[in-house]
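Bear in mind that the values here come from a model prediction, so they are computed numbers and not experimental data. Every number for a ligand or one of its atoms is a count from 1 in the order of the listing.
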Amino acid sequence: MEKVDSKIQKRGNRRSFLKNGIVAASAATVGAGMLSKGLSALGADRDGGGITEGDASVLRFLAAAEILETDLWQQYTELGGQDAPDSGYKTGLQQLDGDMPQYISDNTDDETSHELFINAYLTSKGAKPVDLEQFRVLEGSQVTQIPGVASKKRLTNLMQLSVDTSWWTRYRSDNQNPDLGDTFPNAVPTLFQGKFPAIPRNNAELDFGNTNAVNNHVQAIANTAGFHFAFIEQGGASLYAALAQKVTSLEVLRIVLSIGGTEIMHFQTWHDKAGNAIPLTDGALVFPDLTSDIPQPETLQSNLIMPEPTVFLSKKFPVCSIIRPTDPHRFAENFVKALTDDGLFIGQTPPFFQLLGDLAKEADAAKREI
Ligand SMILES: [Fe+2]
Ligand SMILES: [Fe+2]
């Protein structure tokens with residue numbers, strides 16, 4: 001059966017590479033105006049640098065994800081990055097690690113570069129890049145003590161988050177894998193149950209100028225950000241590994257692996273920092289002491305930040321240290337759902353969800369053509 005499939009794919013292969021001669025036919029099959037410029041590929045074949053419709057769909061979804069990442073990281077940078085003025089919020093972030101503002105600024109730079117690179121690459125191949133500017137409609141933080149913050153419109157909402165912290169337990173499990181159907185408890189269950197800000201919504205929550213004792217509520221906001229950083233980047237790490245399995249062009253594979261690697265580096269950094277979140281209770285939100293409060297086995301202790309070897313592909317194999325999940329089936333669609341459940345898009349319009357859903361479906365439909 002597998003042999004038959006691969007033969008069929010091989011036959012389809014030559015037709016579906018983006019060639020000058022098949023611009024109209026290719027564009028028509030991709031749907032929904034996603035490739036309105038047409039597919040005037042640079043190369044006439046793989047060796048010459050052509051990419052397939054599937055490659056373009058994968059890259060386009062990744063571009064959208066990067067645009068959204070850039071938007072959220074910019075908000076964190078403005079309020080808690082290296083160039084942000086001193087505040088209780090920034091000091092609260094530094095409770096997790098003294099270098100947090102630098103890491104926040106650097107992560108933001110990385111996302112911006114990913115977004116710009118992928119869109120430029122798509123354009124160079126005659127495929128349409130992604131532009132979400134029409135959806136920049138959300139009110140962000142209303143902090144007025146940092147110039148420019150309150151007047152900017154945003155794509156993402158960081159003020160009503162329900163942060164899934166199951167990545168913490170997922171990466172510490174030595175006998176379960178989400179790709180094999182396993183589910184994982186949250187490390188900070190209350191953070192997933194309510195809606196909480198990860199940035200200061202106003203001057204009171206910013207606590208301008210404070211570099212000393214941070215009040216409990218502001219620290220809770222900084223803690224929330226710390227876990228949200230890791231949530232976002234573990235998603236990016238899995239996203240690239242999953243979608244890499246769908247691309248055909250070796251150069252596109254190189255792009256996906258190379259950018260995906262930095263998402264993994266981001267996640268590893270944030271994973272380490274989240275473990276330093278200050279234990280506290282702020283109303284309904286409870287940050288446990290992750291080194292001792294959770295009645296968990298030793299494998300959940302906070303300094304175990306390397307992925308615990310676990311089952312991979314099948315339980316018949318020895319355990320393996322891997323990122324997880326990486327099953328490509330409907331991955332993009334699930335990625336959008338995870339970000340939506342996170343509260344990141346609260347306030348966004350139906351056309352936004354329509355476009356993001358279309359991009360996800362097209363990426364999920366991409367198939368490696370060898
Ligand atoms: Fe990125
Ligand atoms: Fe990222």
Relative to the ring of Phe353, is the ring of Phe345 parallel (under 30°), tilted (30 to 60°) or perpendicular (over 60°)? perpendicular
Residue Glu263 atom name (nearest to the Fe ion (ligand 2); N/O/S): OE1
Metal check, the Fe ion (ligand 2) vs Asp110 N/O/S, cut-off below 2.8 Å: no
Rounded to 10°, how big is the angle at the Fe ion (ligand 2) from Glu69 OE2 to Glu233 OE2? 70°
Applying a strict under-4.5 Å side-chain criterion to I, L, V, M, F, W and Y, I'd like to know whether Leu339 and Leu138 cluster together. no
Plane angle bin for Phe227 and Trp168 - parallel if under 30°, tilted between 30 and 60°, otherwise perpendicular: tilted
For the Fe ion (ligand 1), what is the closest N, O or S atom on His114? ND1
For the Fe ion (ligand 1), what is the closest N, O or S atom on Glu66? OE1
Which atom, counting only N, O or S, brings Glu111 closest to the Fe ion (ligand 1)? OE1
For residues Phe184 and Trp167, establish whether the separation of their ring centroids is below 6.0 Å. no
Under a 4.0 Å N-O cut-off, is there an ion pair linking Arg324 with Glu308? no
